[in-house]
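Below is one structure, written out as structure tokens, with a few remarks after it.
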Number of protein chains: 2
Amino acid sequence: MANIKDIARVAGVSVATVSRALSTPSMVRPTTIERIEAAIADLNYQPNHMAAGLRRQRSDNVLVVVPSIYNPFTSAFVEGIENVARTSRMRVLLGITEGDRDALNTYTAMIAGKQADGMILLESNLPDILINPPAKGTLPPIVSACEYPLDHALPRVKIDNHEASALVVSHLAGLGHRRIAAVTGPIDLVMSQDRLAGYRLGLARAGIEFDPQLVHEGDFTLQSGYDAMVRLLDAGTPFTAVACSNDEMALGAMSALRARGLSVPDDVSVAGFDDLRFGAYASPPLTTVHSPTVEIGEAAMRLMLDALLPADRQPPAREVILPHRLIVRESTARVPARVVAGT
Amino acid sequence: MANIKDIARVAGVSVATVSRALSTPSMVRPTTIERIEAAIADLNYQPNHMAAGLRRQRSDNVLVVVPSIYNPFTSAFVEGIENVARTSRMRVLLGITEGDRDALNTYTAMIAGKQADGMILLESNLPDILINPPAKGTLPPIVSACEYPLDHALPRVKIDNHEASALVVSHLAGLGHRRIAAVTGPIDLVMSQDRLAGYRLGLARAGIEFDPQLVHEGDFTLQSGYDAMVRLLDAGTPFTAVACSNDEMALGAMSALRARGLSVPDDVSVAGFDDLRFGAYASPPLTTVHSPTVEIGEAAMRLMLDALLPADRQPPAREVILPHRLIVRESTARVPARVVAGT
DNA sequence: TTGTAGGCGTTATCAT
DNA sequence: ATGATAACGCCTACAA
């Protein structure tokens, strides 16, 4: 493979000039640039990124760390990140943890090792370096998305989970529902807590008393939504609607309802959260809150670009909150005359 | 950040010894290793990956190029790749093309630029370097998945789309269906052609004549499945079952059927392809062909690791074909007495 | 506007 | 088992 020296020789200039022609063309005479470009085309030259990176102390890689990418929410998020990375000569390195803390720490170490310049986290766990920040030394650039550490001032992007959840419950209450169940995410996640709190807020606003019997915990998967609905039905506490903390669980819950011979929304209204495309094509189409997931990824990447700016030109770490909106489809309807009591 | 020289100084050895302690510990006396490790812990040393890469001419990155990652099929595939990359000290660099050929060529150039050691393609387009291979010079390591170029001997992994599609049609025919429609993927894709050919094969095996009126093209999205079903219904040609070339389109088709007040499977049987999790929780649960998508990703990454081996120890490029299986759920049933004729 | 040269942090070859 | 040292390919003062 040709290198910059070969180009210099063929174009009859010095390596410095070639380098400048490539990175600061304004500093090089146009005719010289032409000669250099001819040589580059001739020798099929491609700058060695590692050599440049070593010199500049920059890898131009962002590490995106997620528990798993095999679900539509995460992949929409990553798509957003890639969208803006691409326009900034940055690349995304994928890091999957499967929830493993060690893996997360290994990924964090990649920043010190110059494999990546910074890290975007869609994770509930925090790397050790944030939990026990080293006395001296600076922290690596980290942006957190959706799930955020309560006591760290990381740049972060999310939606207003609290109000969004309340919005769903208000919609249900507006339809006449009073017995509204909830299927939450893993309750140790701040995001799940926020959505649960929003559910309670919505209840309160409608003057409905909170009944702990009506809330069941899931883990954001289809199956967990199915299981939660089965538990809800078996418990026998009457309810006419259920607000699920994401669309996957809502779809799982609808599946369980169907398996029990119950109709959505005639017997039970079901609402989700996130607005996955699959929800729109479900039978019946799912009422949900639209979460601008791709945009969340884009915003996260922009925050990362900010964090990567030279220290003097760097804006302060900030929190971006993107707008949500309720999407009413056919899985929610007016409260039925008779009430489902399970089994 | 400390470097190998600092470690050498603190541990009282040469840089060469430190380097060996890290990469070939067997060549270093245990007591020396201890001293070195102490120094590493002391100074919080992290080897600079770019420097090592520059020297070894290896980035340890695989570039995974996909049209978009925002769909369950692709993300399952990428998850598989990451699974095995992680256990081989390799990282996956994500490249999204949105179907753009230029983007694809830009990604390919990254290999020459040492940003990645090779490329795994889940793409219908081929990079120019494969279409017009340079007379001299070797081709970069490329593995292709699912969609493959007919006239190139790239290492590749796929399933037997032909037989798998035929299997679905046989299942439908076994249920008594004779008027079986098809919703295909973009017909310029080899994979779509294979699945369509399999559909015809299944028809032939059941002694059913092929009717071009019953095949409609989609683009693998939910909406395109919906639209294809609408066209099918509006065309008025009677049919009692439809075999869709992927689950997304099948789900979209079911949604259209529902919108027209038709029941699945009472009026029309619907079958998909891929076995997305969402299919299992649809109403009704979707009959489909299981495609081992995560495993396809894993196999692709293993082929890549082979291709990255030193030339002398390199196995010949091969094609891996993974097994599929039919999954019968509730969206297919015996042919109804009356036949749906559309509108 | 262009050239010279030092150094980024490793690995690997060749000695010892 | 260990040490000295020359690359790897580029960028960027500094000089001209």
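Numbers restart at 1 for each chain; the letters A, B, ... are given by sequence-line order, proteins then strands.
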Between the side chains of B:T97 and B:E123, does any donor sit under 3.5 Å from an acceptor? yes

All N/O contacts under 3.5 Å from nucleotides 13-16 of chain C to the protein, with atom names and distances to one decimal?
none

How close or far is atom P of C:dT11 from atom NZ of B:K5, stated in whole angstroms? 15 Å

Chain B on DNA chain D: first and last contacting nucleotide, 5' to 3', under 4.0 Å to a heavy atom? D:dA1 to D:dG9

On a heavy-atom basis, the closest approach of B:I111 and B:P141 is CD1-O, 4.4 Å

B:K114 versus A:M50, closest heavy-atom pair with distance: O-CG, 3.6 Å

If I take atom CZ in residue B:R9 and atom C1' in nucleotide C:dT10, what distance separates them, rounded to the nearest angstrom? 17 Å

For A:I4 and C:dA5, what is the distance between atoms CD1 and P respectively, to the nearest whole Å? 16 Å

Salt bridge between B:R89 and B:D60, side-chain N to carboxylate O under 4.0 Å? no

Rounded off to whole Å, could you give me the CD1-to-P distance for the A:I33 and C:dT2 pair? 9 Å

Identify all side-chain donor-acceptor contacts of residues 304-316 of chain B below 3.5 Å with residues at least two apart in sequence or on another chain.
from: B:Q314; atom 1: NE2; to: B:A307; atom 2: O; distance (Å): 3.4
from: B:Q314; atom 1: NE2; to: B:L309; atom 2: O; distance (Å): 2.8

Would you indicate what B:S23 reaches in the nucleic acid, counting non-hydrogen atoms under 4.0 angstrom: base, sugar-phosphate, or nothing? nothing

Is it true that B:R91 and B:N61 share a donor-acceptor pair across their side chains at a distance under 3.5 Å? no

Pick base, sugar-phosphate or nothing for A:T17, based on heavy-atom distances below 4.0 Å to the nucleic acid. sugar-phosphate

Between C:dT11 and B:S19, is there an OP1 or OP2 to side-chain N/O distance shorter than 4.0 Å? yes

Rounded at 0.5 Å granularity, tell me how far CG in A:L54 sits from NE2 in B:H49. 12.5 Å

Whole angstroms only, please: what is the CG-P distance between B:L54 and C:dC8? 14 Å

Residue pair A:V15/B:T31 against DNA chain D: nearer the 5' end by closest nucleotide is B:T31

Looking at B:Q57, I'd like to know whether one of its side-chain N or O atoms comes within less than 4.0 Å of OP1 or OP2 on C:dT11. no

Work out which heavy atom in A:I296 is nearest to a heavy atom in A:A145; give both atom names and the distance. CG2-CB, 4.5 Å

Out of C:dG9, C:dT10, C:dT1, whichever nucleotide has its closest atom nearest the side chain of B:P47: C:dT10

Tell me the closest heavy-atom pair linking A:R35 and A:V13, and the distance in Å. NH2-CG1, 3.4 Å

